[in-house]
Amino acid sequence: MILTINTGSSTIKYQLFSHDLERVLARGIVSRIGEEGSYIVHAARGKEVRHVIPVRSHREAFELAIQYLLHPVYGAISDVGEIEAVGHRAVHGADAFMASTLITDAVLDKMAELAPLAPLHNPPNLIGMREGLRLLPNVPHVAVFDTAFHQTMPPRAYMYALPYRFYEEHRIRRYGFHGTSCRYVSHQAAEVLRRPLEELNSVVCHLGNGVTITAVKGGQSVDTSIGFATFSGVMMGTRAGDIDPGLVFHFSRELGISLEEYERIVYYESGLLGISGVGNDMRVITEAAEQGNERAQLAMDMFAYMIKKYVGAYAAAMGGINCLIFTAGIGENSPPIRRMVCEDMAFLGIQLDPECNEEAVGGREMVISPPGAACSVVVIPTNEEKMIAIDTRRLASRQPA
Ligand code: AMP
């Protein structure tokens with residue numbers, strides 16, 4: 001069995017896969033680690049339990065997850081020896097990790113060195129890896145980096161037009177995120193369309209709370225909308241996305257807004273929330289727009305328009321597009337946003353079958369373009385854990401016993 005681990009600053013999420021990766025035997029999340037009211041939600045054998053338990057540290061959270069996996073009633077294993085390998089989600093591998101890798105001391109050291117590039121994500125990822133290695137020392141542990149998939153971007157796509165020394169001395173460049181999701185859905189789209197991955201020029205629209213648009217040519221990322229921080233590209237739930245970088249000077253000099261305040265505004269008060277005023281959840285915004293709320297409608301219009309512009313740009317970057325993929329919370333569940341993105345895009349061969357578009361909700365994998373369309377439009381529910389499990393099993397099987 002393969003265990004996947006996703007460690008955040010106050011959460012640990014886990015899933016236990018059968019060896020053939022066809023079944024999820026258990027899944028859970030330990031939340032509010034180190035805070036008041038910490039709890040575990042654990043599901044296995046068709047039952048889900050939610051227990052409030054004090055969890056002071058990531059170490060305790062990891063131990064608790066293992067206890068639940070071993071539990072005689074809620075558990076899925078009778079001995080930790082049944083876990084053959086552990087896959088860890090790792091956010092930032094910078095240009096040091098081109099692919100998933102077996103975790104060694106050298107890998108942990110490198111991740112610690114990269115922590116300044118992802119201060120919110122890499123330190124908890126590292127804790128998760130260290131605790132995992134301590135608790136399950138006899139099995140291979142694998143790190144699956146969110147940035148790795150985008151390491152195939154050419155320099156013209158990943159460089160910022162800053163003085164070159166910032167790249168050389170400080171690693172300032174576009175890295176991209178959501179790579180694990182992107183890799184999974186582009187492979188899955190090729191399966192669904194029964195076409196070789198090498199033939200596909202895909203634009204992947206990962207539309208969740210975070211939003212990433214990626215150009216995937218023949219299975220390789222060639223450009224992506226998120227860059228250095230998790231900010232640029234399409235507007236997101238509360239993040240502004242592409243805005244004029246010069247605004248920061250105007251905010252500071254003319255409006256007297258400090259850098260810290262500016263950061264809070266553009267990360268937490270902007271995007272769908274900032275424009276609609278009703279929330280950051282596309283369900284709430286769509287409902288408000290349907291009831292005539294003009295700002296909610298504007299938020300949807302802007303969101304779809306920004307996606308459209310990236311689809312056009314990436315079609316140009318790849319010399320054409322023959323596959324458009326929608327994934328993540330909004331991509332998998334919002335027919336109106338998919339319709340708005342695909343409207344008036346026939347010049348790129350993009351068309352929708354309206355009925356299929358309406359039907360593709362709630363985690364359904366579906367082609368939503370009409371048969372014979374020059375560009376296939378597909379909805380693929382993302383599954384980062386499965387991708388992590390696939391890499392983990394592959395790398396673990398190469399280990400000497
Ligand atoms: P994710 O980050 O992939 O979990 O996506 C979360 C976001 O998906 C939420 O903030 C919602 O905006 C959106 N979402 C989830 N379900 C729906 C739905 N049924 N219709 C529209 N948007 C949805």
Side-chain angles (χ1 to χ4, degrees), residues 6 8-11 13 29 31-32 35 91 118-121 146 176-178 181 204-214 224-252 254-311 326-341 343 361-362 381-382 384:
N6 181 351
S9 57
S10 64
T11 58
K13 292 184 201 154
I29 177 166
S31 296
R32 302 182 65 88
E35 297 170 21
V91 170
L120 296 181
H121 294 106
D146 242 15
F177 295 95
H178 293 130
S181 163
V204 176
C205 302
H206 178 111
L207 314 179
N209 209 16
V211 173
T212 294
I213 315 295
T214 302
T224 191
S225 62
I226 283 191
F228 178 84
T230 52
F231 180 76
S232 64
V234 174
M235 65 198 279
M236 314 188 197
T238 60
R239 283 169 266 177
D242 290 338
I243 49 174
D244 186 338
L247 274 174
V248 68
F249 312 120
H250 186 80
F251 269 67
S252 163
E254 303 299 324
L255 309 182
I257 288 173
S258 69
L259 205 55
E260 289 70 31
E261 178 79 346
Y262 177 79
E263 189 174 21
R264 201 173 53 73
I265 292 168
V266 296
Y267 267 96
Y268 300 109
E269 295 180 7
S270 300
L272 293 168
L273 170 69
I275 295 296
S276 74
V278 297
N280 62 351
D281 189 318
M282 190 53 83
R283 284 164 286 203
V284 175
I285 295 166
T286 307
E287 218 175 282
E290 279 165 5
Q291 286 162 5
N293 183 317
E294 287 178 12
R295 278 177 49 185
Q297 186 61 53
L298 175 63
M300 292 179 75
D301 288 345
M302 287 171 65
F303 186 70
Y305 180 66
M306 289 171 98
I307 298 167
K308 251 177 195 295
K309 288 205 293 187
Y310 271 100
V311 174
F326 286 101
T327 191
I330 301 171
E332 292 166 26
N333 293 297
S334 176
I337 290 294
R338 293 192 300 244
R339 176 173 43 73
M340 290 161 76
V341 170
E343 226 158 45
V361 288
T382 194
E384 288 166 301

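These figures come from a predicted structure and were not determined experimentally.
- Annotation: side chain of Pro335 is in contact with side chain of Val361 (closest heavy-atom distance under 4.5 Å).
- Judged by distance alone, the side chain of Ser232 and the main-chain N or O of Gly227 form a donor-acceptor pair under 3.5 Å.
- Counting heavy atoms from C-beta outward, Leu272 and Met235 have side chains that approach closer than 4.5 Å.
- In terms of heavy-atom proximity, Ser181 sits nearest to Thr382 at OG-OG1, 2.8 Å.
- Looking only at side-chain heavy atoms (C-beta outward), His178 and Thr214 stay at 4.5 Å or farther from each other.
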- Take Phe303 and Ile330 through the side-chain contact (heavy atoms from CB on, under 4.5 Å) test and state the conclusion after the steps. CA-CA 11 Å; Phe303 186 70; Ile330 301 171; 4.0 Å; yes
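- Residue pairs meeting the ring pair (Phe, Tyr, Trp, His ring centres under 6.0 Å) criterion with at least one partner in residues 257-295, sequence neighbours excluded, are Phe231-Tyr267, Phe251-Tyr262.
- The shortest non-hydrogen separation linking Gly208 to Ala328 is N-CB, 3.7 Å.
- Between Met282 and Met300, the closest side-chain pair of non-hydrogen atoms falls below 4.5 Å.
- With values rounded to the nearest 0.5 angstrom, Leu273 atom CG is found 11.0 Å from Asp281 atom CG.
- Minimum heavy-atom separation, Met306 to Ala240: CE-O, 4.2 Å.
- Atom CD1 of Ile285 is separated from atom CD1 of Ile275 by 10.5 Å, given to the nearest 0.5 angstrom.
- Expressed to the nearest 0.5 Å, how far OG1 of Thr238 lies from CG of Asn280 amounts to 6.0 Å.
- Smallest separation of non-hydrogen atoms from Asn333 and Gly362: OD1-N, 2.9 Å.
- Checking Thr327 against Glu332 by side-chain atom types alone, a donor-acceptor pair falls below 3.5 Å.
- Between Glu384 and Asp146 there is a side-chain heavy-atom pair separated by less than 4.5 Å.
- Open room surrounds NZ on Lys13; 12 or fewer heavy atoms of other groups in view lie less than 6.0 Å from it.
- Between atom CG of residue Asp242 and atom OH of residue Tyr310 there is a gap of 3.5 Å, rounded to the nearest 0.5 Å.
- Of all the heavy atoms in Ile307 and Cys205, the pair that sits closest is CG2-SG, 3.9 Å.
- Interatomic distance, CZ of Arg32 versus OG1 of Thr11, reported as 12.0 Å (0.5 Å rounding).
- In this structure, the side chains of Val278 and Glu287 stay at 4.5 Å or more apart for every pair of heavy atoms.
- Taking both residues in full, the closest heavy atoms of Met340 and Ala304 are given as CB-CB, 3.6 Å, listed atom of the first, atom of the second, then distance.
- No side-chain heavy atom of Leu259 sits less than 4.5 Å from a side-chain heavy atom of Glu263.
- A donor-acceptor contact shorter than 3.5 Å is absent between the side chain of Ser225 and the backbone of Gly233.
- Ser270 contributes atom OG, which lies 11.0 Å from atom CE of Met236 (distance to the nearest 0.5 angstrom).
- Side chains of His250 and Leu255 form a contact here, defined as non-hydrogen atoms less than 4.5 Å apart.
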